[in-house]
Amino acid sequence: MGSREEKWAEKLAAFEKWADEVDPADLKFIDSSSLKLVGRLADQRDRLETELAQAVAAAREDDWSWAMIGFMLGVSRQAAQQRYGAQAAELAQ
């Protein structure tokens, strides 16, 4: 998976291609604020997921159990380990 900048560059290139090919007669005003909000929140989610994975890795390095990490996440030990186990091990290296 590419970086956030690469993803945005791909989205921009696709939009520019569409803009070059669209017939202006087919265009109408659309309030895009809700769609922009989805994009902004998705970016925030991605950043938070990265920070959360780093925090879980740090907790594991500090010898906290998956049960305790799961408790703090509001999920079971198994769910926490399944979701963050591989990332925590990778970040620990």
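Residue numbers start at 1 and run along the sequence shown. Just so you know, these numbers come straight off a predicted model, no measurement behind them.
Under the 4.5 Å side-chain contact rule for hydrophobic residues, Leu48 and Leu41 do not share a cluster.
Interatomic distance, CG of Leu35 versus CD1 of Ile30, reported as 9.5 Å (0.5 Å rounding). Separation of atoms CD (Gln81) and CZ (Arg77) is listed at 6.0 Å; rounding is to 0.5 Å. Atoms CG and NZ, from Asp43 and Lys7 in turn, are 9.0 Å apart once rounded to the nearest 0.5 Å. To the nearest 0.5 Å, the span separating CG on Asp63 from CE on Met68 amounts to 13.0 Å. With values rounded to the nearest 0.5 angstrom, Thr50 atom OG1 is found 7.5 Å from Gln87 atom CD.
No side-chain heavy atom of Arg45 sits under 4.5 Å from any side-chain heavy atom of Arg40. Contact annotation: the side chain of Trp66 never approaches that of Leu73 to less than 4.5 Å [non-hydrogen atoms, C-beta and beyond]. Side chains of Arg60 and Ile69 form a contact here, defined as non-hydrogen atoms less than 4.5 Å apart.
Between Arg83 and Glu49, at least one side-chain nitrogen of the basic residue sits less than 4.0 Å from a carboxylate oxygen of the acidic one, meeting the salt-bridge criterion. Ion pair Lys17/Glu21 flagged as a salt bridge, since at least one NZ, NE, NH1 or NH2 atom sits closer than 4.0 Å to an Asp/Glu carboxylate oxygen.
Nearest heavy-atom pair, Gly70 versus Ala80, reported as atom, atom and distance to 0.1 Å: CA-CB, 3.7 Å. Closest approach of Leu91 and Ala57 over heavy atoms only: CB-CB, 3.8 Å.
Partners of Lys36 by salt bridge (Lys or Arg N to Asp or Glu O under 4.0 Å), not counting sequence neighbours: none found.
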*Show the numbers, then the answer: is there a side-chain contact (heavy atoms from CB on, under 4.5 Å) between Val56 and Trp64?*
CA-CA 9 Å; Val56 168; Trp64 286 103; over 6 Å; no
